Amino acid sequence: MSLIGVFDSGVGGLSVLDEALRQLPQHDYIYLADSANAPYGEKSSAWIAARSLVLCRYLASKGCDAIVVACNTATAEAIQQIRSELSIPIIGVEPGIKPAAMQSQNGIVGVLATEATLKSDKFNALLATLPPNCRFIKQAGAGLVPLIEAGKADSEEALDLLGKHLAPILDEGSDTLVLGCTHYPFLRKAIRKLLGDTITLIDTSDAVVRQLKRQLESLDQSGNSDDRGAVLFISSKNEISLLEMAKDLMSSDLNLHAIHSSLLGKVS
Ligand code: DGL
């Protein structure tokens, strides 16, 4: 059995933790939400890289055997540095533009992600590897993360803002939408309310957790999948609301796990 760190700027990475608990419930997890500093997506590359490195170092110091950087923005800006400094497996997430290109029928794909992700070299390098027969309509989801952090993913306010962000994607005729930020799977209901079933949604949590599973197998730390590990929720903002939000947003039954929560002290 392993201890796995899952890190995000806030509650978004809970979408990845949810999938991890589904596929790999036997492990222990530390979920670290830097909600005091969310959103990351509108901050500078240097700030995101430095902060992500500090928090991954913190998770490694707690004894994590592997870390999932469950944040597209932090992955885009910091994963190379994190990997070069830490000697444990580091699994990142990136917008699922490859699977989207394969699944799209008309070759027009919307990509909803943070401004920092869309501007990053890593994302643009990934885009450059794809054949030119698919067109990507990129849209920064400004303002969505703060609403999700405030527990308003299903509010009228979120619906309105989402409608504005999706308009250019729909106007271009996209049949597929990449959820390029780990917060956005929590907007699924709102997206369906606005668009019905007319668009295919691409979320990479499943692929990310399969990658984590392969890494753990190579460490020979698969564990017994009948067991249920513990989950520690740490927030830089307010641990009680993180736990409540986790219970609210996640579909996994957290009662099956030993749950703890704490507030992140000063880290540097
Ligand atoms: N959940 C994050 C992502 O996947 C970051 C959102 C943010 O803090 O702006 O990009």
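Model, not experiment: these values are computed from the prediction. Counting starts at 1 for both ligands and their atoms, following the listed order. Because only heavy atoms are used, hydrogens play no part in the values below, and waters and symmetry mates are left out as well, while side chains stay in.
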So is there a nitrogen or oxygen of [X] less than 3.5 Å from a nitrogen or oxygen in ligand 1?
| X | value |
| --- | --- |
| Ser9 | yes |
| Ala70 | no |
| Thr114 | no |
| Asp8 | yes |

Practice problem: Specify whether Tyr31 and Phe233 have parallel, tilted or perpendicular ring planes, treating 30° as the upper limit for parallel and 60° as the lower limit for perpendicular. | Solution: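 Judged by the thresholds at 30° and 60°, the geometry between Tyr31 and Phe233 is tilted.
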Quiz prompt | Distance-only donor-acceptor check, side chains Ser35 and Glu149, under 3.5 Å | solution =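 Yes.
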Quiz item: Are Gly10 and ligand 1 in contact, using a heavy-atom cut-off of under 4.0 Å?
Solution: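 Contact absent.
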Self-check item: Sub-4.0 Å atoms of ligand 1 with respect to non-hydrogen atoms of Gly41
Solution: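 The atoms of ligand 1 under 4.0 Å from a heavy atom of Gly41 are 7 (C), 8 (O), 9 (O).
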Self-check item: Distance from atom 7 (C) of ligand 1 to nearest protein heavy atom, with residue and atom
Solution: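 Going atom by atom, the protein heavy atom closest to atom 7 (C) of ligand 1 ends up being Tyr40 N, 3.3 Å.
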Exercise. Could you find the nearest protein heavy atom to atom 10 (O) of ligand 1 and give me its residue, atom name and distance?
Key: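 I find the closest protein heavy atom is Thr73 OG1, 2.6 Å.
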Exercise. Please determine which of Ser235, Ser236, Ser9 meets the side chain to side chain donor-acceptor pair (under 3.5 Å) test together with Asp34.
Key: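 The side chain to side chain donor-acceptor pair (under 3.5 Å) with Asp34 is passed solely by Ser236 among Ser235, Ser236, Ser9.
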Quiz item: Would you find more than 12 non-hydrogen atoms of other residues, nucleotides or ligands less than 6.0 Å from Gln23 atom CD?
Solution: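 More than 12 heavy atoms, drawn from other residues, nucleotides or ligands, come within 6.0 Å of this atom.
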Quiz item: Just one of Thr117, Asp8, Thr73, Val208 clears the side chain to side chain contact (heavy atoms under 4.5 Å, CB included) bar with Val93, so which one?
Solution: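 With Val93 as partner, side chain to side chain contact (heavy atoms under 4.5 Å, CB included) holds for just one option, Val208.
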Quiz prompt | Closest non-hydrogen atom pair between Leu219 and Pro89, with its separation | solution =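 Where Leu219 meets Pro89 most closely, the heavy atoms are CD1-CG, 4.0 Å.
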